[in-house]
*Asks:* 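Following this message is one structure expressed as structure tokens.
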Number of protein chains: 2
Amino acid sequence: MTTTPTVGLLLFLPYRAMETRVLAALAEAGFDDVTLAQARVFQRIGPNGTRLTDLAEQAQVTKQTAGFLVDQLERAGYVRRGPDPEDGRARLVRITSRGSAAQAAAAEVVAEVEAEWEKHLGSRRMGALRETLVRLREITDPYA
Amino acid sequence: MTTTPTVGLLLFLPYRAMETRVLAALAEAGFDDVTLAQARVFQRIGPNGTRLTDLAEQAQVTKQTAGFLVDQLERAGYVRRGPDPEDGRARLVRITSRGSAAQAAAAEVVAEVEAEWEKHLGSRRMGALRETLVRLREITDPYA
DNA sequence: CGACTTTAGACAGAGAATCTGACCATCGTC
DNA sequence: GACGATGGTCAGATTCTCTGTCTAAAGTCG
């Protein structure tokens, strides 16, 4: 198969490569109880906490699913649920110190992989890629 | 959150948008019994048939999972399993006429979405994106 | 204020997707 | 022809995800 795949699939390949690398590195660093699905939600928790509904929306899963994954992250000590001062119904999912450590480890690998990509592509192309993707996000991400 | 996400996540967003659009269009066109997981495998079946093991490898799932999904695609009439003339152990997964019809419908939407992207980005940027992704594939896709 | 609608989240149960482990048949090699 | 590697299946367990239903707290409008 020497046919060039669609842009869609071409986008997916490096994304998956990144995801795989990050998850492997996390496991290596002792965070070996995080699953891919959990990481996809975890990744979206902001520094000041994020509501479950927002997490669900951004990860494009139902709030039940998001809740299920947050339960696990909570049991593993990566996040905790707290009240939302601005809304009595809502609860904020916040990152614990263990969660921060994991995030830091993840960020390190992300930087490493991005550096590899930049080395392969050249910094001009890498910069253009980043910029193009940001523009593309405008029409492909409803939560931009 | 106005922070620019990582390139990894930026790659994912348009990919998912494409995937969602294609699946919705397929459902619209009467192919409403295909799930996302099935489509991800289906997408990789070549015109001359593909072995289960190859499908599994490319989709990065176990051969059991690939087999499970192919079972469903077969039951729904999108593919059929046949012998592999070159290897008695192997069986080739081939696309049926119904499968081809679905593929054609999918290709149509892909072209449509890519046209939207090109309109938004401009043809120069779109071309550069495609080229950059092909290069990036060299170091991120073990099956390139 | 008080009734109505919406929103945030949880609980329960079912279904889909994925994995590990064990197994058989065929291929390639020596 | 024996032996390790490869392609595929079967069985069972786990993980992920969804639909449906429910409660509590906002928000809206008379």
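Chain naming here is simple, since letters A, B, ... match the order of the sequence lines and numbering starts at 1 in each.
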*Asks:* To the nearest Å, give me how far apart CZ (A:F68) and C1' (C:dA12) are.
*Replies:* 13 Å

*Asks:* Without decimals, in angstroms, what is the distance between A:D54 CG and C:dG9 C1'?
*Replies:*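 Result: 12 Å.
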
*Asks:* So does B:E28 have more than 12 non-hydrogen atoms from other groups sitting under 6.0 Å from CD?
*Replies:* no

*Asks:* Which nucleotide, C:dT18, C:dA17, D:dC16, lies nearest any side-chain atom of B:T35?
*Replies:*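 Nucleotide nearest to B:T35's side chain: C:dA17.
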
*Asks:* Does atom CD of B:E112 have more than 12 heavy-atom neighbours from other groups under 6.0 Å away?
*Replies:*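 Above 12, so yes.
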
*Asks:* Tell me, do A:M18 and B:T6 make a side-chain contact under 4.5 Å, heavy atoms counted?
*Replies:*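 With C-beta onward as the side chain, the pair stays apart.
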
*Asks:* Would you indicate whether the side-chain heavy atoms of A:L129 and B:L129 approach each other to under 4.5 Å?
*Replies:* yes

*Asks:* Between B:L69 (CG) and D:dG8 (P), how many Å, whole number?
*Replies:*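 Atom-to-atom, B:L69 to D:dG8, this comes out as 15 Å.
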
*Asks:* Any side-chain heavy-atom pair from A:L69 and A:F42 closer than 4.5 angstrom?
*Replies:*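 A side-chain contact under 4.5 Å is absent here.
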
*Asks:* Quick one: does A:L55's side chain get under 4.5 Å of A:Q58's, heavy atoms only?
*Replies:* no

*Asks:* Could you check if a side-chain atom of B:L23 sits within less than 4.5 angstrom of a side-chain atom of B:E19, using non-hydrogen atoms only?
*Replies:* no

*Asks:* Distance check needed: D:dC16 C1' versus A:F42 CZ, whole Å only.
*Replies:* 19 Å

*Asks:* Could you run down the sub-3.5 Å N/O contacts of the protein with nucleotides 20-22 of chain D?
*Replies:*
residue	atom	partner	partner atom	Å
D:dG20	O6	A:Q64	NE2	2.5

*Asks:* Which of residues 19-33 of chain B sit near DNA chain C, with a heavy atom under 4.0 Å from it?
*Replies:*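 When residues 19-33 of chain B is checked for heavy atoms under 4.0 Å from DNA chain C, there are no hits whatsoever.
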
*Asks:* May I ask you to evaluate whether B:T65 reaches the phosphate of C:dC19, defined as a side-chain N or O under 4.0 Å from OP1 or OP2?
*Replies:*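 Looking at the OP1 and OP2 atoms of C:dC19, one of them is under 4.0 Å from a side-chain N or O of B:T65.
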
*Asks:* In terms of heavy-atom contacts, does CD of B:Q60 have more than 12 from other residues, nucleotides or ligands at under 6.0 Å?
*Replies:*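 More than 12 heavy atoms, drawn from other residues, nucleotides or ligands, come within 6.0 Å of this atom.
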
*Asks:* Let me know the distance between CG of B:L52 and C1' of C:dA25, rounded to the nearest Å.
*Replies:*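 For the pair B:L52 CG and C:dA25 C1', the rounded distance is 15 Å.
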
*Asks:* Once you round it to whole Å, what is the distance between C1' of D:dA26 and CZ of A:R51?
*Replies:*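 Interatomic distance, CZ of A:R51 to C1' of D:dA26: 10 Å.
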
*Asks:* What distance do A:L11 atom CG and A:L136 atom CG have between them, rounded to the nearest 0.5 Å?
*Replies:* 7.0 Å

*Asks:* Considering only heavy atoms, which members of residues 71-94 of chain A lie under 4.0 Å from some atom of DNA chain C?
*Replies:* A:R81, A:R89, A:A90, A:R91

*Asks:* Between C:dT18 and B:T62, is there an OP1 or OP2 to side-chain N/O distance shorter than 4.0 Å?
*Replies:* no

*Asks:* How long is the gap from CD on B:Q38 to CG on B:L26, to the nearest 0.5 Å?
*Replies:*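 The distance works out to 11.5 Å.
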
*Asks:* Could you tell me if the side chain of B:R98 sits less than 4.5 Å from the side chain of B:F31, heavy atoms only?
*Replies:*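 Yes, close enough: below the 4.5 Å cut-off.
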
*Asks:* Roughly how many Å is it from CD in A:Q58 to P in C:dA8, rounded to a whole number?
*Replies:* 13 Å

*Asks:* Rounded to whole angstroms, how far apart are CZ on A:R40 and C1' on C:dA17?
*Replies:* 12 Å

*Asks:* Mind checking B:T53 for me? I need base, sugar-phosphate or nothing, with any heavy atom below 4.0 Å counting as a touch.
*Replies:* sugar-phosphate

*Asks:* Are A:L9 and B:R44 side-chain neighbours, meaning at least one heavy-atom pair lies under 4.5 Å?
*Replies:*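 Counting from C-beta outward, A:L9 and B:R44 do come under 4.5 Å.
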
